[in-house]
Every structure is written in C-alpha cells, then in structure tokens.
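Worksheet: the structure to be examined is printed underneath.
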Amino acid sequence: MAEILVTGGSGLVGASLRKFLPDAVYLSSKDGDLTREQDAAAIFDEHQPRAIIHLAARVGGIMANIAEPVKFLNDNILLNTHVLENCRRLGVERVIALLSTCVYPDEAEHYPMSEDDLHSGMPTPTNFGYGYAKRLLAVQMKTYREQYGVSWNYLIPSNLYGENDHFDETAHFVPALIAKIIQAKRAGSDSITLFGDGTPLRQFLYVDDLSRVILHWLGTGVDADVNVATPENFSIREIAEIAVKACDAEGLRINFDASKPNGQFRKDVSIERLIEVMPDFRPTPLAEGIRKTYDEVYDKIADNAG
Ligand code: NAP
C-alpha cells in the first residue's frame with residue numbers, strides 16, 4: 001500500500017520531487033499507460049494510495065503540438081480523467097495536479113495574468129489541444145470538489161528547468177541554451193545561435209522551487225489553486241546574456257535566427273496568491289539556477305560533445 005503515489009514520476013518534476021519525498025512511489029509509463037482505463041484501474045488497485053501527485057502528461061514542443069494536436073488533446077483528457085476517476089473510486093484524500101502557464105490565453109488584457117484569467121481567451125494556436133486539455137483538468141478538479149467535497153487542488157507552474165531536463169534535440173529553451181554554451185566552450189567557438197528574435201518574455205522557474213510548493217500543498221492541505229512562478233520575467237535575449245555570464249562564457253556572442261518561430265510573446269503570471277499561502281517563498285534567481293544546472297550537467301554534455 002502506497003501512502004503517496006506520483007504519476008509521471010520519471011520526468012523533470014518527478015526527479016526533483018524524489019529528492020524531497022524519497023518514500024513516495026514514482027510511476028512512469030512503463031508501469032502502465034494512464035490513457036488506458038484498465039491500466040489506470042490496475043495501478044490504483046495495486047497501490048491503494050492515500051494521496052496523489054499527478055504529474056503525468058503528454059508534453060511536447062511547438063512542432064510536436066502542431067503535428068499531432070489530437071494526441072495532445074485526447075491523451076491528456078484521457079489520462080487526467082482516468083486518474084481523477086480512480087481517485088474518486090478509491091476515496092483518495094488529497095490530489096495535487098499540475099497545469100502550466102502555457103495554457104493561459106495567447107493574449108491578455110493585462111499582465112501579469114492571475115488565476116482568474118485562465119479561461120478568458122484561447123490558448124496560443126501552437127498549444128491548442130494541450131491547452132484545452134489542461135484547462136479541462138482545472139474544470140474537472142473544481143467539479144469533483146463541488147460534487148464530492150474532496151480536497152483536490154492544482155498548481156499552475158511557469159516554464160521549468162533543472163538538471164534532470166532533456167538536453168537533446170527535444171530540449172526546451174533553457175536546457176538547450178546551457179547545452180549550446182557547453183558545446184561552444186568545448187569546441188572553442190565564439191558564438192551560439194538561438195531561435196527567434198530574442199524578444200519574447202519568459203518566467204523560468206528552477207524545478208526544485210516547484211517541488212517545495214508541492215510539498216507545502218501536500219503537507220498543509222491548503223485549499224487553493226495557484227500560479228507557481230518567479231517574478232523574474234526576462235526577454236529571451238536577457239536570459240541568454242544571464243546564462244552566458246553564469247556559465248563563465250563571457251565574450252560568447254549570441255546570434256538570433258529570426259527565420260525561426262518566436263512562440264507566444266508573453267504569458268507572465270502573478271504569484272500574489274501563492275505568496276499569501278507561502279509568504280517566505282523565495283524562488284531561486286535565474287543566474288543561480290542556471291549555474292547549478294550547468295555544474296550538474298557539464299561533464300555529461302561535454303563528454304557527448306567529444
Ligand atoms: P516530462 O519530463 O515530459 O515527464 C512526463 C511524465 O509523464 C513521464 O514520467 C512520463 O513517463 C509520464 N507519462 C506521459 N504519458 C504517460 C501515459 N500515457 N501514461 C503514464 N505516464 C505517462 O514532464 P515534466 O516536465 O516532468 O512535467 C510534469 C508535469 O508538469 C506535467 O503535467 C506538465 O504539464 C507540467 N509542467 C511542466 C513544465 C515544464 O517546463 N517542464 C512547465 C509547466 C508545467 P515516461 O518517462 O515513461 O514517458
């Protein structure tokens with residue numbers, strides 16, 4: 001019998017959470033495909049959890065979302081539905097699930113956006129299926145709360161990064177940037193090239209900061225659905241400059257390939273409600289988080305670069 005079960009435990013967030021919560025059971029898709037009703041029921045019957053941290057999701061970059069929007073919509077609706085319905089069936093007391101700030105409206109009337117803005121406009125077109133599936137998870141959790149009086153909440157993290165990220169061709173912006181800096185240092189190159197024109201704004205949160213918030217939600221039973229982000233909202237160009245400095249690569253020139261897409265221009269969110277619950281929440285400054293990540297992954301990436 002598991003006290004706490006973590007779905008999607010083999011990913012970036014799961015690897016971070018494991019450091020803080022080593023005794024939970026961490027699942028991956030190898031333990032069962034949560035888009036399949038029978039697999040989900042078997043997992044819950046086997047573990048009989050008291051609490052669930054629901055991280056599993058079909059996630060992907062812009063190109064994958066454009067190529068297969070049906071998969072991103074349907075898989076996420078299916079796996080969220082199976083997880084929540086099994087939690088109801090077995091009377092799981094506490095559920096904490098994750099949305100993402102990239103499911104907020106493509107354009108808002110004001111920034112930073114608050115939790116009340118979640119449904120106020122369409123998600124960015126390159127995130128359409130994923131965006132609506134994740135928004136539906138918020139709707140599902142609210143309706144379960146209303147009908148069954150359960151203590152289930154969701155958190156809405158901004159873009160994340162950390163040492164257990166993907167640093168290959170599927171990498172998100174920050175891990176790809178760190179990998180490019182390490183490879184350039186190894187090769188003795190004097191420049192790196194990044195996609196887009198460098199103007200979009202992003203809040204990048206060090207993943208361990210999110211883990212601390214998840215633990216607080218789990219431990220205290222606080223009843224709130226909140227954004228989890230850093231107030232640092234830098235342009236892509238500024239982030240690249242911070243990273244170059246943090247990785248001791250000053251002098252490395254940053255070029256932009258403006259023929260490649262920028263993605264959503266901005267999606268910054270307010271963390272006022274999080275701070276009401278956790279007044280001492282101090283997100284890791286970007287320069288520090290990038291340095292920690294760089295130190296952890298340097299050898300692996302440098303070795304691969306030959
Ligand atoms: P990740 O590294 O891509 O990991 C995804 C996890 O979900 C893996 O453990 C994967 O298992 C599992 N999974 C995927 N499809 C599954 C299925 N059909 N059945 C069972 N398990 C399945 O993701 P992450 O970055 O840790 O993200 C965790 C959560 O945070 C997600 O809900 C995501 O939407 C949210 N989030 C992430 C970010 C970010 O920047 N990374 C930002 C905001 C929100 P395998 O390893 O076996 O494939």
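This is a predicted model, so every value here is computed, not measured. The first residue in the sequence is number 1, and the count goes up from there. Whatever order the structure lists ligands and atoms in, that order sets their numbers, starting from 1.
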- Task: Step by step, work out the salt bridge (charged side-chain N to carboxylate O under 4.0 Å, His left out) result for K267 and D106.
- Result: CA-CA 7 Å; K267 48 188 173 179; D106 192 20; over 6 Å; no

- Could you label the plane-to-plane angle of the Y161 and Y206 rings as parallel, tilted or perpendicular, counting under 30° as parallel and over 60° as perpendicular? tilted

- Query: Knowing that exactly one of V213, L205, V207 qualifies, which makes a side chain to side chain contact (heavy atoms under 4.5 Å, CB included) with D209?
  - Reply: L205

- Is H54 in polar range of ligand 1, meaning some N or O pair under 3.5 Å apart? no

- Query: If you measure from each heavy atom of G32 to ligand 1, is any distance below 4.0 Å?
  - Reply: yes

- Query: Do the numbers put R135 on top of the ring of Y132, so that NZ or CZ is under 6.0 Å from the six-membered ring centre and no more than 45° off the axis?
  - Reply: yes

- Item | atom 30 (O) of ligand 1: the protein heavy-atom neighbour that sits closest, reported with distance to 0.1 Å | L98 CD1, 3.3 Å

- Message: Tell me whether R273 is salt-bridged to D116, with the criterion being a basic N under 4.0 Å from an acidic carboxylate O.
- Response: yes

- Note on the structure: Looking only at protein heavy atoms, what sits closest to atom 19 (N) of ligand 1 is L34 N, 2.9 Å

- Which option, D33, L55, N164, owns the non-hydrogen atom nearest atom 28 (C) of ligand 1? L55

- Message: Do R88 and Y144 form a cation-pi contact, if we require the NZ or CZ to be under 6.0 Å from the six-membered ring centre and within 45 degrees of the ring's axis?
- Response: no

- Judging by distance only, is a nitrogen or oxygen of R58 under 3.5 angstrom from one on ligand 1? no

- Message: Test your reading of the structure: does S158 have an N or O sitting under 3.5 Å from an N or O of ligand 1?
- Response: no

- Consider ligand 1: state whether an atom of it lies below 4.0 angstrom from any non-hydrogen atom of R36. no

- Taking distance alone, with no angle check, do G14 and ligand 1 share an N/O pair under 3.5 Å? no

- Message: For ligand 1 and S29, I'd like to know whether there is a polar contact (N/O to N/O, distance under 3.5 Å).
- Response: yes

- Item | K19 NZ: over 12 foreign heavy atoms closer than 6.0 Å | yes

- Within 45° cone of F173 ring axis and under 6.0 Å: R202 NZ or CZ: no

- Do ligand 1 and L79 have nitrogen or oxygen atoms that lie under 3.5 Å from each other? no

- Query: Would one find an N or O of V13, backbone or side chain, under 3.5 Å from an N or O of ligand 1?
  - Reply: yes

- Item | Nearest neighbour in protein (non-hydrogen) for atom 38 (C) of ligand 1 | L160 CD1, 3.5 Å

- Query: Taking the non-hydrogen atoms of Y130, is any one of them nearer than 4.0 angstrom to ligand 1?
  - Reply: yes

- Item | N/O separation below 3.5 Å, V59 to ligand 1 | no

- Note on the structure: Counting from 1 in the order shown, the ligand 1 atoms closer than 4.0 Å to a non-hydrogen atom of T35 are 18 (N)

- Query: Quick one: does E288's side chain have a donor or acceptor within less than 3.5 Å of a partner on P285's backbone?
  - Reply: no

- Task: Taking atom CD of E109 as the centre, report whether more than 12 heavy atoms of other residues, nucleotides or ligands fall under 6.0 Å from it.
- Result: no

- Task: Indicate yes or no: at least one non-hydrogen side-chain atom of L55 is less than 4.5 angstrom from one of V13.
- Result: yes

- Counting from 1, what ligand 1 atoms have a heavy atom of G9 closer than 4.0 Å? 9 (O)

- Query: Taking all atoms of both residues into account, what is the closest heavy-atom pair of G14 and Y26, and its distance?
  - Reply: O-CE2, 3.7 Å

- Message: When you compare ligand 1 with P157, is there at least one nitrogen or oxygen pair between them that comes in under 3.5 angstrom?
- Response: no

- Query: Does ligand 1 have any atom that is closer than 4.0 Å to a heavy atom of L99?
  - Reply: yes

- Item | L21 and I53: CA distance, side-chain angles, deciding distance, side-chain contact (heavy atoms from CB on, under 4.5 Å) verdict | CA-CA 11 Å; L21 198 61; I53 301 173; 3.9 Å; yes

- Query: Please state which protein non-hydrogen atom is closest to atom 6 (C) of ligand 1 and give its distance, to 0.1 Å?
  - Reply: G8 CA, 3.6 Å

- Message: Which option wins on minimum heavy-atom distance to atom 13 (N) of ligand 1: P175, G162, A57, A15?
- Response: A57

- atom 25 (O) of ligand 1 sits nearest the protein heavy atom L12 CB, 3.7 Å

- Message: Test your reading of the structure: does S10 have an N or O sitting under 3.5 Å from an N or O of ligand 1?
- Response: yes

- Message: Does Y104 form a side-chain hydrogen bond (donor to acceptor under 3.5 Å, both in side chains) with N227? I'd like the steps, not just the answer.
- Response: CA-CA 11 Å; Y104 267 99; N227 296 325; 2.7 Å; yes

- Of the protein's non-hydrogen atoms, which lies at the shortest distance from atom 1 (P) of ligand 1, and what is that distance? G11 CA, 3.9 Å

